[in-house]
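Here, residue 1 is the first one in the sequence, and each next residue gets the next number. Only this structure's heavy atoms are used, side chains among them; waters, hydrogens and symmetry mates stay out.
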Amino acid sequence: MHDWLFYLSVKDGHVSTSAELAKVTDWMQRVLAAGSTSPAVLALLAESGSTRKTRNTAKDRTGSRELRMQ
């Protein structure tokens with residue numbers, strides 16, 4: 001339940017802190033890294049994601065053309 005509330009808050013524009021990010025599961029971090037269009041959220045995940053896969057996904061998406069055009 002906590003993960004989905006966190007997801008909805010991020011979707012509504014809340015930029016979380018690394019402490020808040022640490023409280024959600026690895027799975028939710030991967031969901032956010034793969035689907036978020038917020039450069040701030042992706043930067044936080046790229047720096048503070050709990051797994052290498054999450055950090056790399058966020059880093060790759062931070063530099064993607066798709067995000068820069070939105």
Peer 1: What distance do Thr57 atom OG1 and Arg52 atom CZ have between them, rounded to the nearest 0.5 Å?
Peer 2: 12.0 Å

Peer 1: Just jot down the side chain to side chain donor-acceptor pair (under 3.5 Å) partners of Asp26, sequence neighbours excluded, or say none.
Peer 2: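 Side chain to side chain donor-acceptor pair (under 3.5 Å) list for Asp26, sorted by chain: Ser50.
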
Peer 1: Which heavy-atom pair separates Arg61 from Leu32 by the least distance, and what is that distance?
Peer 2: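 What the structure gives for the nearest pair is NH1-O, 4.4 Å.
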
Peer 1: With no hydrogens and no angle check, is any side-chain donor or acceptor of Arg30 less than 3.5 Å from a backbone partner on Lys53?
Peer 2: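 Answer holds: no.
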
Peer 1: Check each of Val15, Val24, Val41 against Val10 using the side chain to side chain contact (heavy atoms under 4.5 Å, CB included) test, and report the only one that passes.
Peer 2: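 Single side chain to side chain contact (heavy atoms under 4.5 Å, CB included) partner of Val10 among Val15, Val24, Val41: Val41.
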
Peer 1: Excluding sequence neighbours, so at least two apart, what forms side chain to side chain donor-acceptor pair (under 3.5 Å) with Thr25?
Peer 2: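 Asp3.
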
Peer 1: What's the shortest heavy-atom distance between Ser48 and Ser18, and which atoms?
Peer 2: OG-CB, 3.7 Å

Peer 1: With distance as the sole test, does Arg55 use its side chain to make a donor-acceptor pair with the main-chain N or O of Leu45 at under 3.5 Å?
Peer 2: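 Judged by distance alone, no pair lies under 3.5 Å.
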
Peer 1: Only counting residues at least two apart or in another chain, list the ones meeting side chain to side chain contact (heavy atoms under 4.5 Å, CB included) with Ala43.
Peer 2: none

Peer 1: Quick one: side chain to side chain donor-acceptor pair (under 3.5 Å) partners of Thr51, sequence neighbours excluded?
Peer 2: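 Checked Thr51 against side chain to side chain donor-acceptor pair (under 3.5 Å); matches are Thr54.
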
Peer 1: Output all residues satisfying side chain to side chain contact (heavy atoms under 4.5 Å, CB included) with Glu20, sequence neighbours left out; order by chain, then residue number.
Peer 2: Phe6, His14, Ser16, Thr17

Peer 1: Among residues at least two apart in sequence or on other chains, which ones pass side chain to side chain contact (heavy atoms under 4.5 Å, CB included) with Val31?
Peer 2: Tyr7, Trp27, Met28

Peer 1: Determine whether Leu5 and Leu21 fall in the same hydrophobic cluster, where Ile, Leu, Val, Met, Phe, Trp and Tyr are linked whenever their side-chain heavy atoms lie under 4.5 Å apart.
Peer 2: no

